[in-house]
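To find a chain, count down the sequence lines: A is the first, B the second, and so on, and within it residues start at 1.
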Amino acid sequence: MSATDLLHELRWRGLIHQCTDENALAKLLSQPQTVYIGFDPTATSLHVGSMMQLMLLRRFQRAGHRPIALVGGATGMIGDPTGKSEERNLLSEEQLQANIAGVARQMRAFLDFEGPRPALLLNNFDWMHDFSYLNFLRDVGKNFPIGAMLGKESIRSRLDSEAGLSYTEFSYMLLQAYDFVHLAQQHGCRIQAGGSDQWGNITAGIDLGRRMLGESLFGLTAPLLLTSDGKKMGKTEKGAIWLDPARTSPYAFFQYWRTVEDADVMRCIAYLTEITRDEYLELEQQVTADPGRCAAQQRLAEWLTEFVHGRQGLQSAQRATQIFFGGEIETWSDRELGEIFEDVPSVVLDRQTLEGDGLWIVEAFQKSGLTASNGEARRTIKEGGAYVNNRRVNAENQRLSPVDLAGETMMVLRRGKKKYAILRFQ
RNA sequence: GGGGGGUUGCCCGAGUGGUUAAAGGGGGCGGAUUGUAAAUCCGCUGGCUUAGCCUACAUAGGUUCGAAUCCUAUACCCCCCA
């Protein structure tokens with residue numbers, strides 16, 4: 001892929017929000033370059049908010065450039081005030097190490113660390129930790145006119161707010177700017193990309209590069225991934241959607257994308273996947289023609305789930321989906337059921353209760369927590385809203401016996417369309 | 001300090017001695033329809049071992065064959081006068 005191809009691709013995907021000197025950048029990219037994006041190691045896992053940035057690096061790498069994923073071990077100790085309304089809690093050093101290790105593992109799915117132009121994973125703590133305060137002030141600080149800093153949106157908005165801004169956070173920009181200069185010197189990295197909220201920090205680095213190295217550096221920002229009603233993508237009431245399957249099951253991950261609003265789905269495809277322009281246009285047409293089929297959502301969910309969780313992850317998500325939307329449950333193993341229903345509340349009962357006369361269905365629902373009382377359980381059954389292993393319960397005097405187990409020890413109860421509970425008999 | 005009004009189920013709100021487990025609405029829950037959307041339509045909405053029983057209309061007592069409805073006391077809320 002040539003430089004013009006890459007820029008063309010970024011443009012049709014809508015990934016270029018702002019960039020410095022576009023013509024010069026195009027020229028620069030005709031030769032293999034090194035590009036960097038910074039990531040905040042705030043947790044042991046990345047969430048979907050970082051995916052766009054990782055995909056962006058990946059696009060550069062596939063076009064023949066070398067990506068650097070920079071984890072902010074040093075900057076993470078300070079906290080970027082950009083877009084934050086309050087002073088951030090500082091992370092401990094051990095926590096940071098754990099976070100960086102976790103994040104690094106996940107990045108392997110996105111970037112090639114082996115090939116001819118391997119991606120680099122760097123930690124700015126490595127060059128910041130023995131940089132003395134005095135030297136930093138002499139070499140870096142003196143290149144920052146306070147006036148220009150105060151002019152930055154991220155600083156100004158915080159100064160105007162009640163929360164204010166500590167000196168530490170104020171200095172954050174110098175650290176990130178210096179990272180860029182350091183990478184330019186050590187790795188010949190002349191391009192920094194990031195989300196549009198990083199523009200101020202990126203240009204600070206460009207300015208510093210000119211002053212310290214007399215070199216022209218370049219910046220490129222992508223739009224933020226927001227929903228059509230202006231919220232950050234990847235957040236649910238329950239919290240962020242993580243890439244770590246232990247935090248967000250492949251099924252939950254799949255479902256998040258499967259249920260993206262029509263108004264947002266095409267943007268997600270453009271920003272987050274490598275689905276081609278031809279297919280993109282086709283999907284776009286299908287969304288307009290027949291939104292009910294959710295063709296775009298389906299494709300988005302499949303693509304991303306497979307990309308992040310592998311073929312296995314996608315399959316388990318699809319199996320779970322099939323079950324969650326009514327497929328009958330038989331011949332499953334406890335292990336599979338456990339994975340599929342991992343977010344579903346479960347109750348452990350004595351195996352004995354299934355023997356003899358068995359367990360009264362009303363009591364089973366009451367114990368599962370799906371109904372608050374036996375009366376409510378009876379009512380639900382009468383209304384046709386009670387299911388065992390996705391088969392509707394017809395009689396309120398039904399009794400459950402070992403025959404009704406779906407796995408070795410598990411039984412799946414459901415109330416209404418989506419509320420599940422697991423009974424384990426041990 | 002004096003006078004008046006109120007307190008009903010998750011919420012709002014009818015009900016002033018007898019099919020009142022309590023009208024109506026909202027919410028919630030099911031079902032149908034649908035696109036795993038929205039809207040719509042229908043049903044349910046105190047508990048239990050459910051042809052029955054128990055508990056419920058601020059709280060505690062009382063009158064009565066029978067009370068959410070009448071009486072007494074208590075608590076809380078609102079209004080008017082000083």
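Here chain A contacts RNA chain B (any atom closer than 4.0 Å to a heavy atom, that is under 4.0 Å), and the contacts span B/C29 to B/U50 from 5' to 3'.
Checked by atom type and distance alone, the side chain of A/Tyr256 pairs as donor or acceptor with a backbone atom of A/Gly234 at under 3.5 Å.
For the atom pair CG of A/Asp112 and CZ of A/Arg62, the computed distance is 10.0 Å after rounding to the nearest 0.5 Å.
No engagement by A/Trp257 is indicated, since no non-hydrogen atom pair under 4.0 Å with the nucleic acid exists. Among the protein residues, A/Thr321 comes within range of the nucleic acid bases, having at least one heavy atom under 4.0 Å from a base atom. Counting any heavy atom pair closer than 4.0 Å across all strands shown, A/Lys382 reaches no nucleic acid atom. If you check every strand for non-hydrogen atoms under 4.0 Å, A/Arg414 touches nothing.
Both A/Val260 and A/Glu396 sit near RNA chain B, but only A/Val260 has its closest nucleotide nearer the 5' end. In terms of position along RNA chain B, the nucleotide closest to A/Asp262 lies nearer the 5' end than the nucleotide closest to the other residue of the pair A/Asp262 and A/Arg378.
Between the side chains of A/Asp334 and A/Thr409, at least one donor N or O lies within less than 3.5 Å of an accepting N or O. A donor and an acceptor atom, one from each side chain of A/Gln176 and A/Gln198, are located under 3.5 Å apart.
Annotation: side chain of A/Leu70 is not in contact with side chain of A/Phe39 (no heavy-atom distance under 4.5 Å).
Tested against A/Leu183 for a side-chain contact (heavy atoms from CB on, under 4.5 Å), the candidates A/Ile191, A/Val35, A/Thr34, A/Leu122 yield a single pass: A/Leu122.
Between B/C81 and B/C12, the two P atoms lie 28 Å apart (nearest whole Å).
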